[in-house]
J.: 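The structure is given below, and queries will be raised subsequently.
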Amino acid sequence: MEKHRILLVCGSLRAGSTNEAALLAVRDGASSRTLPELFTGMGALPHFNPDDDTEPLHPAVATLRSAIGAAGAVLICTPEYAGGLPGSFKNLLDWTVGGGEMYGRPVAWINVASPAAPTGGADAHDSLRKVLGYAGAEIVETACARVPVTRPDLDADGTVRSPELRARLAGVLEALADRLDG
Ligand code: FNR
């Protein structure tokens, strides 16, 4: 059987990001039925401007769109900044609207916000749900999960330390793959 390609998109550009560490644990724990790939081009995207949403597209936008287009599903992990989505990540999402690659595509997220976070990242994830609705994505509710990953959960090399936590994170990918199988 062909493997499910799943694009992993991190909403943080920070070196040592807990969101990226969570996605790397997802990738490393993937079973043989999935082919997860971490998208690394968010920082190269230009500021979204509808005037620039024409051919020839900026190469970073073309890369984003083809990566989404080639994926069977997208898995997002983003922090909350100032009660909403990080600007760089909202910028990425805005670039997906015009291309239509998100339309009908199964998407899930992992909310790794610390239990100590004021709202547990709820505002960012409410916003994410709304934006994905505008982009026409199919939100896979059975795969969306809250799995706190904090800086003390990471080893010095930035990887998620606990095998139990890594297994929980990997389980999200399995839930997303279940939707693709089903
Ligand atoms: C934050 N953080 C944060 N957390 C939250 O729950 N609600 C919020 O409104 C904010 N606002 C906010 C603004 C700014 C400028 C920063 C730098 C941070 C905390 C933030 O979500 C947390 O540190 C995440 O762990 C950052 O994710 P990465 O970079 O570790 O992936």
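Source: prediction; values computed, not measured. Order of listing sets the numbers, starting from 1, for every ligand and every atom in it. FYI, side chains are in, hydrogens and waters are out, and symmetry mates aren't considered; it's all heavy atoms of this structure.
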J.: For atom 15 (C) of ligand 1, state whether the nearest protein heavy atom is under 4.0 Å away.
T.: no

J.: Heavy atoms only, cut-off 4.0 Å: how does Ala82 contact ligand 1, side chain, backbone, both, or neither?
T.: backbone

J.: If you define the side chain from C-beta out and look only at heavy atoms, does anything of Ile110 sit under 4.5 Å from Leu169?
T.: yes

J.: Do Phe39 and Leu92 pass the side-chain contact (heavy atoms from CB on, under 4.5 Å) test, and can you show the C-alpha distance, the side-chain angles, and the key distance before you say yes or no?
T.: CA-CA 11 Å; Phe39 180 72; Leu92 179 154; 3.9 Å; yes

J.: Which one holds for Glu80 and ligand 1: side chain close, backbone close, both close, or neither close, with close meaning a heavy atom under 4.0 Å?
T.: both

J.: Taking only heavy atoms of Pro118 into account, list the atoms of ligand 1 that are under 4.0 Å away from them.
T.: 6 (O)

J.: What do you reckon, does Ala113 put a non-hydrogen atom under 4.0 Å from ligand 1?
T.: no

J.: Quick check: closest heavy atoms across Thr18 and Val149, and the distance to 0.1 Å?
T.: CB-O, 3.6 Å

J.: Starting from atom 17 (C) of ligand 1, which protein heavy atom do you reach first, and at what distance in Å?
T.: Tyr81 CE2, 4.0 Å

J.: Nearest heavy-atom pair of Ala60 and Ala44: which atoms, and what distance?
T.: CB-O, 3.4 Å

J.: Taking salt bridge (Lys or Arg N to Asp or Glu O under 4.0 Å) as the cut-off, I'd like each qualifying pair that reaches into residues 160-171, sequence neighbours left out, listed once.
T.: Asp28-Arg166, Asp155-Arg161

J.: Please check whether Glu20 reaches ligand 1 - meaning an N/O of the residue sits under 3.5 Å from an N/O of the ligand, judged on distance alone.
T.: no

J.: Counting non-hydrogen protein atoms only, what is the nearest one to atom 23 (O) of ligand 1? Give residue, atom name and distance.
T.: Arg151 NH2, 4.0 Å

J.: Using a strict 4.0 Å cut-off to heavy atoms of Arg14, name the atoms of ligand 1 that fall inside it.
T.: 28 (P), 29 (O), 30 (O)

J.: Could you find the nearest protein heavy atom to atom 9 (O) of ligand 1 and give me its residue, atom name and distance?
T.: Gly83 N, 2.8 Å

J.: When the side chains of residues 127-137 are checked against the rest of the protein, which donor-acceptor pairs come out under 3.5 Å, sequence neighbours left out?
T.:
from   : atom 1 : to     : atom 2 : distance (Å)
Arg129 : NH1    : Glu141 : OE2    : 2.7
Arg129 : NH2    : Glu141 : OE1    : 3.2

J.: I need the atoms of ligand 1 closer than 4.0 Å to a non-hydrogen atom of Asn19, numbered in the order shown.
T.: 27 (O), 28 (P), 31 (O)

J.: Any idea which protein heavy atom is nearest atom 25 (O) of ligand 1, and the distance to it?
T.: Thr18 OG1, 3.5 Å

J.: Can Glu174 and Arg33 be counted as an ion pair, charged N to O under 4.0 angstrom?
T.: yes

J.: In terms of the angle between their ring planes, are Trp95 and Phe48 parallel, tilted or perpendicular, with boundaries placed at 30° and 60°?
T.: perpendicular

J.: What residue and atom, counting heavy atoms only, is the protein's closest point to atom 31 (O) of ligand 1, and at what distance?
T.: Ser17 OG, 2.5 Å

J.: Tell me whether Arg65 at atom CZ has more than 12 heavy atoms from other residues, nucleotides or ligands lying less than 6.0 Å away.
T.: yes

J.: Starting from atom 26 (C) of ligand 1, locate the nearest protein heavy atom and write down its residue, its atom name and how far away it is, to 0.1 Å.
T.: Pro79 CB, 3.6 Å

J.: Identify the protein heavy atom lying closest to atom 6 (O) of ligand 1, giving its residue, its atom name and the separation to 0.1 Å.
T.: Ala117 CB, 3.4 Å

J.: Should Gly16 be counted as touching ligand 1, given the test is an N or O pair under 3.5 Å?
T.: no

J.: Hey, does the side chain of Glu80 reach the backbone of Ala124 with a donor-acceptor pair shorter than 3.5 angstrom?
T.: yes

